[in-house]
Structures are given as C-alpha cells and as structure tokens.
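Everything numeric here is computed off the predicted structure, so don't read it as measured data. Residue numbers begin at 1 in each chain, while the letters A, B, ... track the order of the sequences.
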2 protein chains.
Amino acid sequence: MTLVRSEKRTRRRRQILDAAWAIAAESGLGAVTLHEVARRVGIRQPSLYVYVESKLNLYDAMFADAYEELFTRIEAAPAGGTAREQLLRLSRIVLDFSVESPPRQQLLFGRTIPGFEPSPASYELAERALQRGRNLLAAAGAASPAQLDAYTAVVAGLGAQQVANDPGGRRWTRHLETMVCLVLDHFPDQEKELQ
Amino acid sequence: MTLVRSEKRTRRRRQILDAAWAIAAESGLGAVTLHEVARRVGIRQPSLYVYVESKLNLYDAMFADAYEELFTRIEAAPAGGTAREQLLRLSRIVLDFSVESPPRQQLLFGRTIPGFEPSPASYELAERALQRGRNLLAAAGAASPAQLDAYTAVVAGLGAQQVANDPGGRRWTRHLETMVCLVLDHFPDQEKELQ
DNA sequence: GTCTATAACGAGATAGAC
DNA sequence: GTCTATCTCGTTATAGAC
C-alpha cells in the first residue's frame, strides 16, 4: 500500500515536470508559472506545493531531471572503440541532447533564471558529467586543462549557435566531429605563455 | 530651441537605457521592470511611455544600443596589418564585448526573452556586424560557409563558457587567438561529405 | 492529497489633469 | 513631459476545510 502511494506520487511528479518542460518549450523557460503547470496537470495551483517547495525548487527539479535523462542516454550508448571514438560518441550525445531543447540548454548551461542556482545535489550531477568528458579527453591524449576548456567551448559554441540561429537544423552540429578532432590534433598541449 | 528640446530627450533616453542595463547587470535581464527603471531615473513609471512604446520595445532599444556601442569600439580600433591580424583584432573586440556583460550577451546572442525579437532595423545592425567578420575571414583565406560557422561557434562558445563558468575571469577568453588560428589553419576548406 | 479562498504584491498599460 | 490615479491581470505563497 505504501508502495502504491509513493508510486502515485512519483507519477504526479513526472506529470509536473513534463508539463513544465512543455511550457518551457512553447513559450520559454521564463514563462513557466505554477498556475500554468497546475492547469496542465489538471490540479489547482496550491496543490503543487505538495510536490514542490517553491518555484525555484521546481527549476532545480527540472535541472536534475535533465541530467538524469542525459545519463540514461549515455549509458544506453555502445561502449567500445578507441578513446577518441568514445569521446566523439559522448560529445555527439551531449550536443544532440543540448540542441534538442533550447530551454533545457538554457537551464543547464546558462545562468539566465534570476535567482536560480542548482542545489548541491544537482550540481554534483553536472560535475559527474563533466568528469566523464575529462577522463575520455585525457585518454585521447588531451590531458591539459586548456584542452578541456577548448573542448567544452567547442561543444557549447556549436550548441549555442545551433539553437539561436538554426533551431531544428544541423548547420552547426554537423561540424562537431571535425572540430573536436581539431582540438585533439592541433590544439597546443602546452601553455605557450604563462601569463 | 527645438534642438535643445531634442537634446534633453536624447539625454533622458540615455538615462533610461543606462538604468535598464544596470538592473540587468545586477539581477538579470528578466528582472528589468518599467517600475524599477523609472524609479532609478527619478520619474514615475507612466512617464516612461513618452520614450518607449512598451517593455519589448525597451528590450529592442537595448539591443540596438548594444550594437551601436560595439560598432563604436570596432571603429576606434587600429585598422592596419594582415587580414589575419585584423580578424584576430575584431574577434577580440567582439569577445571582450560579449563577455563584459552577461545580460548583453544574453540579449544579443541568445533568444531567451519570451516574446522578444529584434525589429528589422535592429536586426540589420546584427547583420552588418556579421558581414564584417565574413569579409575578414574570407580575406584571411577562410571563405567557405562551413568555416564561417566554425568561427562563430568558437567565438560564441568561448564567450558562453566564460560568462557561465568564470565570470570576470579569462579562463576561456585567453584561448581566442589559438582557436581562431586553429580554424584558419586546420579546418578543412572543403565539405568532406555533401550530406 | 486536493480543494476553496485569499493574502500580498507587482507587473504593464491607459486616462486625463496640469 | 510629467504627474496622479487606476484598471486589469497575473504572480507566488499560505490557511484551513474536506
């Protein structure tokens, strides 16, 4: 009985998150309001407070939700090949994931919601994902911090440009493999200047 | 007399834009409200409508204001050197400009304000800036559309990462010259696959 | 867990006097 | 050009009944 009850609770939370993502996709992340979420779920706005502490807490739940989805996709992918192949596969998953939903990209990789900061627990998810890239990058021969930063800039840049200027298309994302290899093969692995 | 009057008007508009940018810098672009802008300028909120048609119109004025500032900086820079030198100089100006103010970056290069789209006049300013990069890129030997996209992704990516993860620092921006040269020297100038 | 009712507030926008 | 006054609407959040 208790199990059934917590299952229902989980289901409701799922509905709430889905509704929030739907609103964000239609009208922007900043357009998510508790009234509209409740309306779509089919309950009254005060009832949301059973599942969510506050509006910022809802954003945090969305943040964590997104990373869990990302991990699911990463784990569902094939695992073999060279380090470079694995890195390219991971990069493709992350870029597609980021480009698929502009508000999700905004929530995860921008700091654009006034007052929102991921909770420690949510931030840890982000850190875990980054660690994955760091490890593969090192295994592929790019171990320096500068190379990691160049790599993240490439992935973030392709994603940002794709979403802002060709939403739904492939104009920027198709250059992912080329550009990651550019960083792997030609980015200087030693800092030229120490200042 | 008419001149004096339009001068006062211009001054007020300047005050209004400055106040809006200040609020955005302190609390985020989405936190700009007409009430708060008016409070800082020292007038009442309805008086703003003499200078601005609506809130979205204020955002558009900020958009145009930012590009005018960018052009001022570009024209103030020295003009000589090889095409590559000029391109690196322009890129540095744009990147510094973009990183200097997170809300400005958000307004210019993201599509994050629900309902806001730059007016045709404002959009033309953006197009003019991009054209400048396109010309220099071509002169530096990178004439293909793919190279232009790789270039904009690099600049946008460094800016986005810098603002999101090391605001006020140089962790990403210092790699600008290295990465632009990477695109110039090693990005394939022919599309490898036509699909 | 969901409801009604409502508090408390702030937003953008308009009318009309001065 | 600036003001007061106000409309209308929406927001987050809480209290308390069922």
Side-chain angles (χ1 to χ4, degrees), chain A residues 1-20 22-24 26-63 103 107 112-117 119, chain B residues 1-20 22-24 26-63 103 107 112-117 119:
Chain A
M1 285 305 184
T2 308
L3 270 175
V4 169
R5 204 159 279 181
S6 86
E7 245 177 52
K8 275 196 173 176
R9 204 187 147 82
T10 303
R11 218 185 302 258
R12 260 278 190 263
R13 255 188 86 92
R14 186 68 265 149
Q15 288 182 294
I16 289 167
L17 286 168
D18 288 344
I23 298 166
E26 291 167 24
S27 315
L29 198 56
V32 174
T33 70
L34 298 181
H35 276 99
E36 182 61 18
V37 169
R39 204 188 60 75
R40 299 199 181 202
V41 171
I43 60 179
R44 304 292 172 163
Q45 172 256 353
S47 304
L48 281 180
Y49 283 81
V50 173
Y51 303 95
V52 139
E53 287 177 8
S54 68
K55 197 190 171 174
L56 288 180
N57 180 262
L58 172 62
Y59 281 127
D60 194 56
M62 294 172 77
F63 186 97
L107 182 64
T112 169
I113 301 291
F116 170 67
E117 232 178 339
S119 63
Chain B
M1 284 309 183
T2 310
L3 272 173
V4 169
R5 204 161 278 180
S6 85
E7 247 176 52
K8 275 196 174 175
R9 203 186 148 84
T10 303
R11 216 186 304 258
R12 259 279 190 266
R13 255 188 87 92
R14 185 69 263 151
Q15 287 182 294
I16 289 167
L17 287 168
D18 288 344
I23 297 166
E26 290 167 25
S27 314
L29 197 55
V32 175
T33 69
L34 297 181
H35 278 97
E36 182 61 17
V37 169
R39 205 188 58 75
R40 298 199 183 203
V41 171
I43 61 179
R44 305 291 172 161
Q45 174 255 352
S47 304
L48 280 180
Y49 282 81
V50 172
Y51 303 94
V52 139
E53 287 176 10
S54 69
K55 197 191 172 176
L56 289 180
N57 180 262
L58 172 61
Y59 281 126
D60 193 57
M62 294 172 76
F63 186 97
L107 182 65
T112 169
I113 301 292
F116 170 67
E117 230 178 340
S119 63

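- Between Gln15(A) atom CD and dG1(C) atom P there is a gap of 13 Å when expressed in whole angstrom units.
- Rounded to whole angstrom, the span from the CZ atom of Arg39(A) across to the P atom of dT11(D) amounts to 11 Å.
- Between Arg40(B) and Glu26(B) there is a salt bridge, with a side-chain nitrogen of the basic residue lying less than 4.0 Å from a carboxylate oxygen of the acidic one.
- Under 4.0 angstrom from either OP1 or OP2 of dG1(D) there lies no side-chain N or O belonging to Arg12(B).
- Each of Val50(A) and Pro46(A) lies near DNA chain C, and the nucleotide nearest Val50(A) is the one positioned closer to the 5' end.
- Look at NZ on Lys55(A): it is 5 Å from P on dT12(D), rounded to the nearest Å.
- On a pure distance criterion of 3.5 Å, a polar donor-acceptor pair joins the side chain of Gln45(A) and the base of dA13(D).
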- request: Show your working on side-chain contact (heavy atoms from CB on, under 4.5 Å) between Ile16(A) and Leu58(A) and close with a plain yes or no.
  value: CA-CA 9 Å; Ile16(A) 289 167; Leu58(A) 172 62; 4.1 Å; yes

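- Using a distance-only test at 3.5 Å, with no hydrogens or angles considered, a donor-acceptor pair links the side chain of Thr10(B) to the main chain of Ser6(B).
- If you measure from atom CZ of Arg44(A) to atom C1' of dG1(C), you get 15 Å, rounded to the nearest angstrom.
- Considering only side-chain atoms of Ser54(A), the nucleotide from dC3(D), dA13(D), dG12(C) that sits closest is dA13(D).
- A straight line from CD of Glu36(B) to C1' of dC9(C) spans 15 Å, rounded to a whole angstrom.
- Scanning all heavy atoms of the two residues, the minimum distance from Gly115(B) to Leu56(B) falls at O-CD1, 3.6 Å.
- Between Ser47(B) and dG1(D), a side-chain N or O to OP1/OP2 separation shorter than 4.0 Å is absent.
- Atom pair Leu58(A):CG and dA13(D):C1' shows a separation of 14 Å (rounding to whole Å applied).
- For dA15(C), the OP1/OP2 oxygens have no side-chain nitrogen or oxygen of Tyr49(B) closer than 4.0 Å.
- One finds a side-chain N or O of His35(B) lying less than 4.0 angstrom from the OP1 or OP2 phosphate oxygen of dA11(C).
- Distance CG (Leu48(B)) to C1' (dG12(C)): 11 Å, rounded to an integer number of Å.
- One atom, CG of Leu34(A), and another, C1' of dA8(C), lie 16 Å apart when rounded to the nearest Å.
- Closest non-hydrogen pair, Arg13(B) versus Ala61(B), comes out as NH2-CB, 3.5 Å.
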